[in-house]
Amino acid sequence: MPTPSVLFVCVHNAGRSQMAAGFLRALGGDGVEVRSAGSAPKDSINPVAVEAMAEQGVDIRAEQPKVLTDDAVQASDVVITMGCGDACPIYPGKRYEDWELDDPAGQGIEAVRPIRDEIERRVRALLASLDVRVAG
């Protein structure tokens with residue numbers, strides 16, 4: 001079976017999608033390919049998201065925000081949007097999920113932790129649906 005590929009998309013690619021990509025990399029290991037992008041990416045990752053993920057032992061500091069491209073979508077088996085609304089294009093034939101999550105931008109660590117925990121729960125469920133064993 002080929003390695004499944006997942007693309008996480010949010011507007012700024014600086015918080016939610018980076019946390020999801022970080023969890024998927026950490027938990028899925030080599031069993032899944034991970035991409036993230038944004039329709040209007042920021043120039044850096046939300047530092048509170050970095051802090052929240054570090055509390056879970058996941059380092060997302062190297063994840064730089066990237067622009068959403070047709071190539072990234074076409075190369076992905078699963079496309080998960082996170083609050084982009086009309087800013088995220090729909091590509092026929094792709095497995096889509098929309099994860100309605102609060103935006104961590106401008107929020108403190110106490111508000112970001114529950115967002116992080118919900119993302120981890122959803123990533124674990126996604127791995128199970130893809131038949132990818134959780135690493136470690």
Side-chain angles (χ1 to χ4, degrees):
M1 183 169 134
T3 303
S5 178
V6 177
L7 170 64
F8 294 103
V9 181
C10 65
V11 175
H12 299 299
N13 190 221
R16 294 170 288 195
S17 56
Q18 297 296 16
M19 288 191 284
F23 273 129
L24 196 61
R25 279 191 186 90
L27 297 172
D30 293 337
V32 64
E33 291 179 32
V34 183
R35 294 176 180 81
S36 68
S39 55
K42 293 281 190 185
D43 59 358
S44 64
I45 302 169
N46 179 337
V48 182
V50 171
E51 179 184 354
M53 292 299 288
E55 291 177 351
Q56 299 299 103
V58 179
D59 185 357
I60 62 171
R61 290 176 298 172
E63 289 290 331
Q64 294 306 310
K66 295 170 256 353
V67 175
L68 178 63
T69 65
D70 287 348
D71 289 344
V73 174
Q74 295 303 335
S76 301
D77 299 309
V78 181
V79 178
I80 298 175
T81 58
M82 301 177 161
C84 345
D86 293 339
C88 290
I90 301 296
Y91 291 79
K94 293 292 173 183
R95 174 180 162 189
Y96 273 92
E97 294 182 22
D98 183 33
W99 292 2
E100 293 273 338
L101 297 161
D102 289 338
D103 190 345
Q107 298 196 51
I109 191 70
E110 294 299 324
V112 174
R113 285 181 182 130
I115 299 168
R116 174 206 61 202
D117 295 345
E118 178 62 18
I119 289 171
E120 180 181 10
R121 185 189 69 73
R122 291 180 189 207
V123 165
R124 288 180 179 277
L126 175 65
L127 286 167
S129 76
L130 296 172
D131 283 335
V132 175
R133 189 175 354 178
V134 173

- Item | From CA spacing to verdict: side-chain hydrogen bond (donor to acceptor under 3.5 Å, both in side chains), Thr81, Asp98 | CA-CA 5 Å; Thr81 58; Asp98 183 33; 2.9 Å; yes
- Item | Test side chain to side chain contact (heavy atoms under 4.5 Å, CB included) applied to Met53 and Asp59, step by step | CA-CA 6 Å; Met53 292 299 288; Asp59 185 357; over 6 Å; no
- Carefully, step by step, assess Leu7 and Lys94 under the rule side chain to side chain contact (heavy atoms under 4.5 Å, CB included). CA-CA 11 Å; Leu7 170 64; Lys94 293 292 173 183; over 6 Å; no
- Query: Hey, are the side chains of Ser129 and Arg95 touching, using non-hydrogen atoms and a 4.5 Å cut-off?
  - Reply: yes
- Query: Under 3.5 Å, side chain of Arg16 to main-chain N/O of Leu101, donor-acceptor pair present?
  - Reply: yes
- Task: Using a cut-off of 6.0 Å, state whether more than 12 heavy atoms not belonging to Arg133 lie near its atom CZ.
- Result: no
- Looking only at non-hydrogen atoms, find the nearest pair between Val67 and Pro41 and report the distance. CG2-CG, 3.6 Å
- Message: Using side-chain heavy atoms (C-beta onward) and a distance below 4.5 Å, is Ser36 in contact with Lys66?
- Response: yes
- Sequence neighbours left out, what pairs pass salt bridge (charged side-chain N to carboxylate O under 4.0 Å, His left out) with at least one residue falling in residues 26-44? Glu33-Arg35
- Note on the structure: Value for CG (Asp117) from CE (Met19), rounded to nearest 0.5 Å, stands at 9.5 Å
- Query: Hey, mind stepping through Val11 and Asp103 against side chain to side chain contact (heavy atoms under 4.5 Å, CB included) and telling me if it holds?
  - Reply: CA-CA 10 Å; Val11 175; Asp103 190 345; over 6 Å; no
- Task: Indicate yes or no: at least one non-hydrogen side-chain atom of Phe23 is less than 4.5 angstrom from one of Leu126.
- Result: no
- Message: I'd like to know if Arg122 pairs up with Glu118 as an ion pair, taking the criterion as any Lys NZ or Arg NE/NH1/NH2 lying under 4.0 Å from an Asp or Glu carboxylate oxygen.
- Response: yes
- Note on the structure: Here the gap from Arg113 atom CZ to Gln56 atom CD, rounded to the nearest 0.5 Å, amounts to 9.5 Å
